*Asks:* 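Shown below is the structure under consideration.
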Amino acid sequence: MGGTTPNPASQRTEGFLFFCPPFAHKPTIPNGPSERLSEVMMSDNKQNDQYDNDYRLRHSVAHVMAQAVLDRFPEAKIAIGPPIKDGFYYDFDLGTNEDGSVRTFTPADLTAIEARMRQIIAGRYPFEKRVVSAAEARAEFADQPYKLELIDGLAAGGFDEYGEKIADAAEISFYKHDGFEDLCRGPHVEHTGKIAPDAFKLLHTAAAYWRGDENRETLQRIYGTAWKNKKELKAYLGRLEAARQRDHRKLGKELDLFSTNHEMIGGGLILWHPKGGLIRHLAEEHAKKMHLAGGYDFVYTPHIGRSVLWETSGHLDFYKDAMYAPIKIEGQEYYLKPMNCPFHVHIYKSRVRSYRELPIRLAEWGTVYRFERSGTLHGLTRVRGFTQDDAHLFCAPEQMPAEIDKVLHFSLDLLRDFGFEKFELFLSTRPEKRVGDEALWDAAENALLEALKRSGLSYNINEGDGAFYGPKIDIYVTDALERPWQLSTVQFDFNLPERFDLTFVGADGHQHRPYMIHRALMGSMERFFGLLIEHYGGNFPVWLSPMQVRVIPITDEQIDFAYEIEKELRAAGLRLEVDASDGRMNAKIRNAQMQKIPYMLIIGAREAEAQTVNVRLRNGNRLGTMPVSEFIELARKAIADHSVI
RNA sequence: GCCACCCUAGCUCAGCAGGUAGAGCAACGCAUUCGUAAUGCGUCGGUCAUCGGUUCGAGUCCGAUGGGUGGCUCCA
């Protein structure tokens, strides 16, 4: 999966651009070929052969699949069928059944379609391109309404329906193989025989809206994956399985970390169990220490606020759909907070501010609630109630570059402390619709860009992808399975200081408007926890492991010694427990290992005699026998280093 | 919310063609005291998600509801 990057544009769909850290961004887990080919790949890596080959292959398989579908469902209307990361899909309108219900694919259909595809592949039919006029194209697809709509879009001048120019696609072309011809930009493989019959697989079906618009027709989508050869397909399916094995929902249950209860509590609301709670506590403790050292002040704000607050902030104008209905108290309406910023703004506003006290950095582990459609909820990563490591920076304009620098480094340092090494940064610049004058945008974009350059890390620029209230930098981390997760966001805000009329008194004695920056680094604690679980596969680094050591006496004879060790280790600050059950040693080891406890201290007669412990790691390695003091040193070092073992 | 699939003991799952519920693990009890991933035996535990329908009879078939899982703005 090298060279892939998430597409920050997908954030647009989240509906949380309004002063919002990207808590809700779904991890692009390779559990389906649903990830789009990133814009970076599309634009920058055109010469990349691997990319090009994958594109041709998957696009070609999509055509073959469409043909197979039409063979089985001659009445089907075909929509679009692009290659995507790791695979492809194709959307179809199968019409309705006799009873008027929407016709859909069954698992049996998929099997039959796959079989038919192999026949087509065996035919070694060449893919032939021809360029046609719009009129010809319309005649050709007279009974394909979706294609006609696409042709209309192309005929309008090579622009798509968003008014964006389609790259090198002024002409209308068809690609034909065997009896199937599709409106298509290409390119394709030379002939269907180039597709390895044992290296593709139809994975699942889904409903999708025509052009992603839920007001338009519902289409039936088939997702598939396709690779150069069987080996690569197997490797891909293996990656899917590996991802399933470390799914945070599975591990959350197995390790007793958290749960949800839709019936009694509600979807997207997380119950942190003691072990998960401890991990969160440790993570927060560490981050909070860093914040204090980094010049942040902690504040606490309420969960609800009067409607006038949200009217002033603009949330009720721009964000109401994601907010819970108001609570009426004494004739006043109060809203559950979807963000912390208006409260922090009011702390700033609570008295006159002088340039001498800037920058002011207000931080809060603020719990917010946002409405998410039920179908989009997912474990810890897509929830309705979550806690952000939120902060708002208020500074004088001339302080801004240094603040951006600082917050960027702060974020990277923090994330490195949690074991993340690979980052990708994205700068999103001014969109068409925006507030704030051009000078502000110039200064802010420039400050962000300069900070990115100084960071020495690679970054991408998404022109026009900023929020209407300011540009931003997003940081993605790459986890152990090379999957990108959007975590940190640093966002300029030209809007709230205006709306709340924020000021400070400058050295000149006059009132000035401060700059305001929103930032969340871990994003939401829930989502971050989900990432930690998956990144480590439950094998948390020692400093974060809820249980660090399990002492395993081989027989009852060693239990007293085990408790002596427990006392000593506890005094040294380690979290541990003695397994004094009457199971056999092998069973005790197995239990400890399944709980992913980093250290097992096996003590039998020999160890008790010599006052030593025999150290086994959760990965099966044995460190041998050592005095307790030596083990304590070893464990302390692992904790201080934040190492995994 | 939309589409598909799924919902059987705390967990993971059997239950293939409708005849009235099973296993392993966990928990609990008893025995066992054992050198690096499961000691043995026993006990407890389920109105088969809920409601309705078909049937002499429904975990099994049909429908509705609730919940879960995978997808749902990738542009020909």
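Order of the sequence lines sets the chain letters (A, B, ...), proteins ahead of strands, with each chain counted from 1. Fair warning: this is a prediction, and the values are worked out from it, not measured in the lab.
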*Asks:* Where each residue is assigned the nucleotide of RNA chain B containing its nearest heavy atom, which of A:His63 and A:Ala207 is assigned the position nearer the 5′ end?
*Replies:*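 Whichever sits nearer the 5' end wins; that is A:Ala207.
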*Asks:* Do we get A:Arg221 above A:Tyr89's six-membered ring, with its NZ or CZ under 6.0 Å from the centre and within 45° of the axis?
*Replies:*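 Positive - A:Arg221 is close enough to the ring of A:Tyr89 and near enough to its axis.
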*Asks:* Looking across every strand, which nucleic acid part, if any, lies under 4.0 Å from A:Thr205 by heavy atom: base, sugar-phosphate, or nothing?
*Replies:*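 Here A:Thr205 touches the bases of the nucleic acid.
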*Asks:* When the P atoms of B:rC3 and B:rU73 are compared, how many Å lie between them, rounded to an integer?
*Replies:*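 Pairwise P distance, B:rU73 against B:rC3, rounds to 16 Å.
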*Asks:* Regarding B:rU39, can its base be found pairing with the side chain of A:Asn586 as donor and acceptor, where the two atoms are less than 3.5 Å apart?
*Replies:*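 For A:Asn586, whose side chain was compared with the base of B:rU39, there is no donor-acceptor pair (under 3.5 Å).
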*Asks:* Pick the P atom in B:rC25 and in B:rU20, then give their distance to the nearest Å.
*Replies:*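 My reading of the P atoms in B:rC25 and B:rU20 gives 27 Å.
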*Asks:* If you count the non-hydrogen atoms of other residues, nucleotides and ligands that lie under 6.0 Å from CD in A:Glu609, is the total more than 12?
*Replies:*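 No.
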*Asks:* Which value, in whole Å, describes the distance between the C1' atoms of nucleotides B:rU47 and B:rC5?
*Replies:*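 Going atom to atom, C1' in each nucleotide, I get 26 Å.
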*Asks:* Could you list the residues that satisfy ring-ring contact (aromatic ring centres under 6.0 Å, His included) with A:Phe73, not counting sequence neighbours?
*Replies:*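 Residues passing ring-ring contact (aromatic ring centres under 6.0 Å, His included) with A:Phe73: A:Phe105.
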*Asks:* Does B:rU54 pair with anything, Watson-Crick or G-U wobble, both distances under 3.5 Å, and if so, with which nucleotide?
*Replies:*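 B:rU54 is unpaired by these criteria.
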*Asks:* Are there any protein N/O atoms within less than 3.5 Å of an N/O atom in nucleotides 25-27 of chain B, and if so, which ones and at what distance?
*Replies:*
none

*Asks:* Expressed as a whole number of Å, how far does the P atom of B:rA49 sit from that of B:rG15?
*Replies:*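 Here B:rA49 and B:rG15 have their P atoms 15 Å from each other.
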*Asks:* Supply the atom-to-atom distance A:Arg550 CZ to A:Gln593 CD, rounded to the nearest 0.5 angstrom.
*Replies:*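 Separation between the atoms: 11.0 Å.
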*Asks:* Hey, does A:Gln220 reach any base, or is it just sugar-phosphate, or nothing, if we go heavy atoms under 4.0 Å?
*Replies:*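 Here A:Gln220 touches the backbone only, sparing every base.
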*Asks:* Test A:Glu534 against every option in A:Lys250, A:Arg249, A:Arg527, A:Arg483 by the salt bridge (charged side-chain N to carboxylate O under 4.0 Å, His left out) rule and name the one that passes.
*Replies:*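 The passing option is A:Arg483.
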*Asks:* Can you say whether a donor on the side chain of A:Glu607 sits under 3.5 Å from an acceptor on the base of B:rG35, or the other way round?
*Replies:*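 Per atom types, the contact qualifies.
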*Asks:* NA contact type, A:Lys588, heavy-atom cut-off 4.0 Å: base, sugar-phosphate, or nothing?
*Replies:*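 No contact at all - A:Lys588 keeps every heavy atom at 4.0 Å or more from the nucleic acid.
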*Asks:* Just checking A:Ala592: base, sugar-phosphate only, or nothing, at a heavy-atom cut-off of under 4.0 Å?
*Replies:*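 Counting heavy atoms under 4.0 Å across all strands, no contact is made by A:Ala592.
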*Asks:* Looking at A:Asp556 and B:rU33, is any side-chain donor or acceptor paired with a base atom of the opposite kind under 3.5 Å?
*Replies:*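 Pair found.
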